[in-house]
Amino acid sequence: MSGYRQSSFDPNAYSQAGRPMRPFNWVQWTGVGLEVVGLGLFLLFLAGKLGWFPRLADIPPISGTTLMLIGIALINSRRHPYIDLAPELAPARKRLLIITVAICAAALGAAAVIQFSGA
């Protein structure tokens, strides 16, 4: 089994993807259709909940969001390769991301402490 083990193989490596490819193929157009149907179901649910529209059936909101999530996955099935237009800004973006994650972690930690302290 020579060649089975590769020292450079990283199973967790991924390439960053760009925007969805155009023109759309039939799979992507199916995703657009699922997006439209899912959004329509969700808006129908909200209109029935607010009393703007009579409830025709008890449509769970998860059905619309599930169709929208499947549609997003189908639209993103073909993507352009990622091209960094400003590679010199990569360290600044990384630093900003670290600061943002630290602030969010501190806010969530504070909210958890307040929640569990009984205040």
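We number each residue from 1, following the sequence as shown.
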Please report, to 0.1 Å, the donor-acceptor pairs under 3.5 Å made by any side chain of residues 72-80, with sequence neighbours excluded.
{"from": "Asn76", "atom 1": "OD1", "to": "Arg79", "atom 2": "NH1", "distance (Å)": "2.9"}
{"from": "Asn76", "atom 1": "ND2", "to": "Ile72", "atom 2": "O", "distance (Å)": "3.4"}
{"from": "Ser77", "atom 1": "OG", "to": "Leu74", "atom 2": "O", "distance (Å)": "2.8"}
{"from": "Arg78", "atom 1": "NE", "to": "Gln28", "atom 2": "OE1", "distance (Å)": "3.3"}
{"from": "Arg78", "atom 1": "NH2", "to": "Pro23", "atom 2": "O", "distance (Å)": "2.7"}
{"from": "Arg78", "atom 1": "NH2", "to": "Gln28", "atom 2": "OE1", "distance (Å)": "3.4"}
{"from": "Arg79", "atom 1": "NE", "to": "Gly18", "atom 2": "O", "distance (Å)": "2.5"}
{"from": "Arg79", "atom 1": "NH2", "to": "Gly18", "atom 2": "O", "distance (Å)": "2.3"}

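- The environment of CG in Leu97 is crowded: more than 12 heavy-atom neighbours from other residues, nucleotides or ligands sit within 6.0 Å.
- In the hydrophobic clustering of ILVMFWY residues, with side-chain heavy atoms under 4.5 Å counting as a link, Val37 and Trp26 come out together.
- Atom-to-atom distance recorded for Trp52:CH2 and Leu44:CG is 12.5 Å, nearest 0.5 angstrom.
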CA sep, side-chain torsions, deciding dist, call: Met68, Leu39, side chain to side chain contact (heavy atoms under 4.5 Å, CB included):
CA-CA 7 Å; Met68 288 190 283; Leu39 184 63; 4.1 Å; yes
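- Summarising the geometry, atom NZ belonging to Lys94 is positioned 13.0 Å from atom CD1 belonging to Ile99; distances are rounded to the nearest 0.5 Å.
- Atom CG of Leu50 sits about 9.5 Å away from atom CZ of Phe45, to the nearest 0.5 Å.
- Annotation: the span from Thr66 atom OG1 to Phe42 atom CZ amounts to 11.0 Å, rounded to 0.5 Å.
- Note that CD1 of Ile70 and OG1 of Thr30 are 12.0 Å apart. Values are rounded to the nearest 0.5 Å.
- In this structure the side chain of Arg93 reaches within 4.5 angstrom of the side chain of Asp84, judged on heavy atoms.
- Across all their heavy atoms, Leu41 and Leu67 have their closest contact at CD1-CD1, 3.8 Å.
- Hydrophobic clustering (ILVMFWY, side-chain heavy atoms < 4.5 Å, transitive): Val27 and Leu69 are in distinct clusters.
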